[in-house]
There are 2 protein chains.
Amino acid sequence: MTDPEPTHDIEAVFREKGIPFTRQRRLIWDFFAGADRAATITEAADGLRSEGVGQATVYRTVALLGDLGLLARVQDRSGEICYTAPPIGHSHPLICGVCRRVVRFDGDGDVKELEARLSAATGFSIYGHHLEVYGICPDCRREEGAQA
Amino acid sequence: MTDPEPTHDIEAVFREKGIPFTRQRRLIWDFFAGADRAATITEAADGLRSEGVGQATVYRTVALLGDLGLLARVQDRSGEICYTAPPIGHSHPLICGVCRRVVRFDGDGDVKELEARLSAATGFSIYGHHLEVYGICPDCRREEGAQA
DNA sequence: CAGCGGTTGAGAACGGTTCTCACACGTCGT
DNA sequence: ACGACGTGTGAGAACCGTTCTCAACCGCTG
Ligand SMILES: [Mn+2]
Ligand SMILES: [Mn+2]
Ligand SMILES: [Zn+2]
Ligand SMILES: [Zn+2]
């Protein structure tokens, strides 16, 4: 598991790549990076409308941040697609399927050996993997206790 | 009753649950189960239109098969959502990012230990995980030659 | 501070998914 | 085998999330 880490210096990333850094991009980044749980694009657009951010800009910026590796796409228990800002470096999300709270961990030690076996067995050249773990966080488990 | 076969006896599953088994459901099942690679709903609908299967029925049936655990949702390199009929039992897909050919493997031995650590460290009750490995199959690698 | 080129917002367009509803058909009791 | 019932189905409309268009705006550089 990773510890509480500093977020990316997004302005520096943009400057380094020569990509204009706008008020909207900062707001959208802050929306995702400032949350401790994944959010949908619709939620971001709704939350930023009052700040004068258009929905097309939210879509464009989420795609841009995704390309830059600054936003990861995950999904909750209902299959809804959400985005979360990962810390620096490679990690995987442990997601509460109910409230979408995200805890990051590094599981590559477990996967690397598996990938080597797969490559040897199948002849595939492996270029990546996708690992998410789903659970119910203590808070949500408490609230769901009464029901099934 | 006993099915030592590697593929699901879908008709028996339906009968056992008292769910009507129709011509369309057989066709849609065959479309996914008869392929060695994942396919999108759109592809299934296009491929079965000439058989007189409506697209609404394809959507409904894919959802139904998913609920029954007879179809697994995966995604290719571009993030496109596809479906593939897994063999009996729990497994994970190794997907060729180029042609979407799927090879299944059981990687739970590697994940189980990880999940135990995560559960202990976070207090989450873990109900599932999503693991896909991406690669290029030997055939596609040959066709593409060397690359970056 | 002026000029350029990328970015933005409003709304239209687009396309995948779901809904509606009359009709067809699978299932089961007889 | 037959008939009645209840579920499934197809065509097309509706719905809604996403992308596109384009004129105005603004961040960046000099
Ligand atoms: Mn990893
Ligand atoms: Mn597994
Ligand atoms: Zn939770
Ligand atoms: Zn391939």
Side-chain angles (χ1 to χ4, degrees), chain A residues 9-32 38-68 70-84 100, chain B residues 9-32 38-68 70-76 78-83 100:
Chain A
D9 181 353
I10 188 185
E11 201 165 340
V13 172
F14 274 67
R15 188 172 306 142
E16 190 167 322
K17 304 224 175 205
I19 302 173
F21 189 68
T22 65
R23 183 182 71 89
Q24 290 88 342
R25 285 172 174 170
R26 165 167 296 289
L27 286 166
I28 293 164
W29 167 254
D30 286 348
F31 184 90
F32 288 100
T40 64
I41 289 184
T42 299
E43 288 167 353
D46 289 347
L48 295 173
R49 183 166 300 120
S50 61
E51 305 285 343
V53 180
Q55 68 164 358
T57 299
V58 176
Y59 278 97
R60 286 185 288 233
T61 302
V62 167
L64 174 62
L65 292 171
D67 289 344
L68 293 173
L70 297 171
L71 271 189
R73 184 175 66 179
V74 300
Q75 51 187 162
D76 65 15
R77 191 163 57 169
S78 70
E80 185 123 37
I81 293 182
C82 322
Y83 294 85
T84 178
R100 299 191 208 141
Chain B
D9 180 354
I10 185 185
E11 202 167 338
V13 172
F14 274 66
R15 188 171 306 145
E16 191 168 322
K17 305 223 175 202
I19 302 173
F21 189 69
T22 65
R23 184 182 69 90
Q24 291 87 341
R25 285 172 174 172
R26 167 168 294 289
L27 286 167
I28 292 164
W29 167 254
D30 286 348
F31 183 90
F32 287 101
T40 65
I41 289 184
T42 299
E43 289 168 352
D46 289 347
L48 295 172
R49 181 165 301 120
S50 61
E51 306 283 344
V53 180
Q55 70 165 356
T57 298
V58 177
Y59 278 97
R60 286 185 288 233
T61 302
V62 166
L64 173 63
L65 292 172
D67 288 345
L68 293 173
L70 298 170
L71 270 189
R73 183 175 64 182
V74 301
Q75 47 189 105
D76 65 15
S78 70
E80 184 121 37
I81 292 182
C82 323
Y83 294 85
R100 285 194 289 194

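Each chain gets a letter, A, B and so on, in the order its sequence line appears, and its residues count up from 1.
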Handout entry: Nucleotide nearest B/P20 when distance is taken to its side chain, options D/dG10, D/dT7, D/dT18
Key = D/dT7
Problem - Phosphate-side-chain proximity, A/Q24 and D/dC25, N/O vs OP1/OP2 below 4.0 Å - result: no
Practice task
Please check if the side chain of B/R25 supplies one atom and the backbone of B/P20 the other of a donor-acceptor pair under 3.5 Å.
Solution key: yes
Fill in the blank from the handout: Rounded to whole Å, CG of B/L64 lies from P of C/dG26 at a distance of 16 Å
Problem - Distance, rounded to the nearest Å, where A/Q55 contributes CD and D/dG17 contributes C1' - result: 8 Å
Exercise for the section: Look at the side-chain N and O atoms of B/T22 and state whether any lies under 4.0 Å from the OP1 or OP2 oxygen of C/dG26. Expected result: no
Fill in the blank from the handout: Atom CD1 of A/I41 and atom P of D/dT19 are separated, to the nearest Å, by 7 Å
Handout entry: Of A/V58 and B/I19, the one whose closest DNA chain C nucleotide lies more 5'
Key = A/V58
Practice task
Answer with yes or no whether A/R60 presents, from its side chain, a donor or acceptor under 3.5 Å of a partner atom in the base of C/dG9.
Solution key: yes
Problem - Between P of C/dG15 and CD of B/E80, the distance in whole Å - result: 14 Å
Problem - Distance below 4.0 Å between B/R25 side-chain N/O and D/dT9 OP1 or OP2 - result: yes
Exercise for the section: Just call it for B/G18: base, sugar-phosphate, or nothing, with non-hydrogen atoms closer than 4.0 Å on any strand. Expected result: nothing
Practice task
Round to a whole Å and report the spacing from CG of A/D46 to C1' of D/dC16.
Solution key: 13 Å
Problem - Atom pair CD (A/E43) and CZ (A/R100), whose distance is rounded to the nearest 0.5 Å - result: 4.5 Å
Fill in the blank from the handout: dist A/F31:CZ -> A/D46:CG (nearest 0.5 Å) comes out at 8.5 Å
Completion exercise
In this structure, CH2 of A/W29 is separated from CD1 of A/I10 (nearest 0.5 Å) by 5.5 Å
Handout entry: Which nucleotide in C/dG9, D/dG10, C/dT7 has an atom nearest any side-chain atom of B/V53
Key = D/dG10
Practice task
Compare all side-chain heavy atoms of B/R26 with those of B/E11 and state whether any distance is below 4.5 angstrom.
Solution key: yes
Completion exercise
A/L27 atom CG is separated from C/dG9 atom P, nearest whole Å, by 10 Å
Problem - Nearest-Å distance for atom pair CH2/C1', residues B/W29 and D/dG8 - result: 19 Å
Exercise for the section: Rounded off to whole Å, could you give me the CD-to-P distance for the B/E11 and C/dG26 pair? Expected result: 11 Å
